[in-house]
Protein chains: 2
Amino acid sequence: MMSQPKSKTLSDSEGPVPKAVVNRLSLYLRELHRLLRDGHQTTSSSHLGNLLGFTDAQVRKDLAYFGHFGYPGIGYRCQELIDAVRRILGTDRIWPVAMVGVGNLGRALLGYKGFGLQNFRIVAAFDVDPGRVGESIEGVPIYHLDKLTEVVRQQRIKLGMVVVPATAAQGVADKLVAAGVEGVVNFAPVTLVLPETVSLVGVDLAMELEQLSFAVVNRGETGSADE
Amino acid sequence: MMSQPKSKTLSDSEGPVPKAVVNRLSLYLRELHRLLRDGHQTTSSSHLGNLLGFTDAQVRKDLAYFGHFGYPGIGYRCQELIDAVRRILGTDRIWPVAMVGVGNLGRALLGYKGFGLQNFRIVAAFDVDPGRVGESIEGVPIYHLDKLTEVVRQQRIKLGMVVVPATAAQGVADKLVAAGVEGVVNFAPVTLVLPETVSLVGVDLAMELEQLSFAVVNRGETGSADE
DNA sequence: TAGATTGTTAATCGATTAACAATC
DNA sequence: TAGATTGTTAATCGATTAACAATC
């Protein structure tokens, strides 16, 4: 049997993990999946770094926050590192997710297969439009917003996606939090204010394009707006 | 007539603008629009900072990269600063955008009103599905992928959105770049490799959820995954 | 004038990188 | 063994914050 790499619990460690590190962890995971699919059994910090435009030192340092996953002289075993990173990110188990707002974008997200691959399952959607409530899209039942608290509580849903118009977003987020949600992805182009016990990620599609128009107009005068 | 604030061209200035600064610029702009809508004529660095969770010093420093937009003792005039930031970001003019891939997500993005508000116009969409080509969604004509080079060249499109499956994304991005596109938003969950003269922003929906699951699992041990 | 707030410099903080002993 | 590569420490780099003279 093969010796397992050591991991440390985060609480052992020295201060909080920078957000940028966790972000790169997701990128490593994505790249590792691809490597494995392409037939690589192992990789190295410099290999992984080259693929993503990072230094080898950064890759090693990032991973070292969480344990000793590599083998000196060898590198990292892809499958093993995938398992480790998934455990770190918490995606080694299934996360039920609530989505609020079943407009254009909401419906598209309900059909997005990428969530499932990382163990996220949208199990309930909410809207106020009577024409939508009661329906089921992609197998996901659509409830009236009034049922949010009940459904989220009952299913112990910890993650929510806010896909409503900007004016409704804060109210919806408050409802999610009150019902027990601890992490929110906000697709509405507004700044949400939530208790600091709740994690918040904002995706503003127009903002992404703004970053590009800036870079195009100021071509050369800025560091590349890499992924 | 009111005296106009001074702006400097970026080329004057001292080294490249950090990507994080440009990102915050978009957030300032969003907040300024809201303030103006709420009837505020002026604001201040500490006001703006409080709304977004930044220090006043950071707000002033960010803006100072680009010019002198404030008035000592007064603050910033909202409308004036909005105009300035839009000029800096390049969104004071209209940007035609090409979208490739008209699946679930692509169609939703075609209907998203937020782009138009920031002067982005999706003027052409592309797909390989004969069932979709020729159709028009939200007033946007859908061409066959084979027409991409021609249409992008002819309309001098500089920005593109890649909304195809992961396996097709690199090829599509290459085509966009070959046709003259200088900025790409990639919605496919893969790392794209493009010439460094091209700006690239990646939006990976599953990755956003991963950041949240990490934060929830490690509650307390990480800086909050703020917007 | 007193109070408010800017733009900017210097100090602090944190994150990235280089270097290297330890390991396979 | 020689070659490769890790994990970690120290050095470097860059970004954030504090402080304050200048301005309205």
Side-chain angles (χ1 to χ4, degrees), chain A residues 2-8 12-25 27-28 35 40-78 80-81 84 222-224 226, chain B residues 2-8 12-25 27-28 35 40-78 80-81 84 222-224 226:
Chain A
M2 212 169 268
S3 71
Q4 279 300 108
K6 272 160 213 153
S7 74
K8 49 184 168 190
D12 290 351
S13 98
E14 332 67 9
V17 179
K19 192 169 52 133
V21 171
V22 184
N23 213 76
R24 285 193 295 267
L25 234 42
L27 292 172
Y28 299 149
L35 286 171
H40 293 78
Q41 298 297 306
T42 66
T43 183
S44 67
S45 57
S46 50
H47 185 203
L48 210 41
N50 286 155
L51 290 170
L52 290 158
F54 306 145
T55 63
D56 57 331
Q58 176 140 80
V59 173
R60 290 198 299 279
K61 191 138 217 274
D62 285 346
L63 295 172
Y65 271 99
F66 306 98
H68 297 197
F69 304 112
Y71 301 88
I74 308 287
Y76 301 88
R77 302 198 214 284
C78 294
E80 212 170 79
L81 191 51
T222 269
S224 70
D226 258 323
Chain B
M2 210 170 267
S3 71
Q4 280 298 110
K6 275 161 209 151
S7 74
K8 49 184 169 190
D12 291 351
S13 100
E14 334 64 10
V17 179
K19 193 168 53 134
V21 171
V22 184
N23 213 75
R24 287 192 296 267
L25 235 42
L27 292 171
Y28 300 149
L35 287 171
H40 295 76
Q41 300 295 305
T42 66
T43 183
S44 67
S45 56
S46 50
H47 185 204
L48 210 41
N50 286 155
L51 291 170
L52 288 158
F54 307 143
T55 63
D56 57 331
Q58 176 140 80
V59 174
R60 291 198 299 280
K61 189 133 221 275
D62 285 348
L63 295 172
Y65 270 100
F66 305 99
H68 298 197
F69 305 111
Y71 301 87
I74 309 287
Y76 301 88
R77 301 196 215 285
C78 292
E80 212 168 80
L81 191 53
T222 270
S224 70
D226 257 326

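Just so we're clear, the structure is a prediction, and the values are computed from it rather than from any experiment. All chains are named by letter (A, B, ...) in the order of the sequence lines, taking the proteins before the strands, and each is independently numbered beginning at 1.
- One atom, CG of Asp56(B), and another, C1' of dA18(D), lie 9 Å apart when rounded to the nearest Å.
- With rounding to whole Å, Lys61(B) atom NZ is found 8 Å from dT8(C) atom C1'.
- Checked against Asp62(B) for a side-chain contact (heavy atoms from CB on, under 4.5 Å), the options Val21(B), Val22(B), Asn23(B) give a single hit: Val21(B).
- Taking atom CD1 of residue Ile74(B) and atom P of nucleotide dA2(C), one finds them 18 Å apart after rounding to whole Å.
- Here the straight-line distance linking atom CG of Leu81(B) with atom OG1 of Thr42(B) works out to 11.0 Å at 0.5 Å rounding.
- Using cut-offs of 30° and 60° for the angle between ring planes, the Phe54(A) and Tyr28(A) rings count as perpendicular.
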Worksheet, complete the sentence: Note, DNA chain C 5' to 3' with Watson-Crick or G-U pairs under 3.5 Å encoded as ( ), [ ], | and . gives ..||||||||||||||||||||||

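- The side chain of Pro18(A) sits closest to dA15(C) out of dA15(C), dT17(C), dT9(C).
- Taking atom CZ on Phe66(A) and atom P on dG7(D), their separation rounds to 13 Å, with Å as the unit.
- Checking the phosphate oxygens (OP1, OP2) of dT5(D), no side-chain nitrogen or oxygen of Ser45(A) falls inside 4.0 Å.
- Side-chain N/O atoms of Arg24(B) include one lying less than 4.0 angstrom from OP1 or OP2 on dT16(D).
- Two residues are said to be in side-chain contact when any heavy atoms from C-beta on lie closer than 4.5 Å; Tyr71(B) and Arg77(B) meet this criterion.
- Two residues, Ala57(A) and Gly75(A), neighbour DNA chain D, and the one matched to the more 5' nucleotide by heavy-atom proximity is Gly75(A).
- A donor-acceptor pair shorter than 3.5 Å can be found between the side chains of Ser45(B) and Arg60(B).
- Contact between the side-chain N/O atoms of His68(B) and the OP1/OP2 oxygens of dT8(C) is found at a separation under 4.0 Å.
- Look at NZ on Lys19(A): it is 15 Å from P on dG14(C), rounded to the nearest Å.
- Distance, Arg60(B) CZ to dA21(D) P: 15 Å, rounded to whole Å.
- Checked against dT23(C), dG7(C), dT17(D), the side chain of Pro72(A) finds its nearest nucleotide in dT23(C).
- When rounded to the nearest whole Å, the span between CG of Leu81(B) and C1' of dG7(C) equals 14 Å.
- Mapping Tyr76(B) and Gly73(B) onto DNA chain C via the closest heavy atom, the residue that lands nearer the 5' end is Gly73(B).
- The side chain of Thr55(B) contributes an N or O atom lying less than 4.0 Å from OP1 or OP2 of dT17(D).
- Straight-line distance from the OH atom of Tyr71(B) to the P atom of dG7(C): 10 Å, rounded to whole Å.
- Residues Leu51(B) and Leu35(B) have side chains in contact (heavy-atom distance under 4.5 Å, counting atoms from C-beta outward).
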Worksheet entry | Trace of the side-chain contact (heavy atoms from CB on, under 4.5 Å) decision for Leu63(A) with Leu25(A) | CA-CA 8 Å; Leu63(A) 295 172; Leu25(A) 234 42; 4.1 Å; yes

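- Side-chain proximity of Ser44(A) to the nucleotides dG7(C), dG7(D), dT6(D) is greatest for dT6(D).
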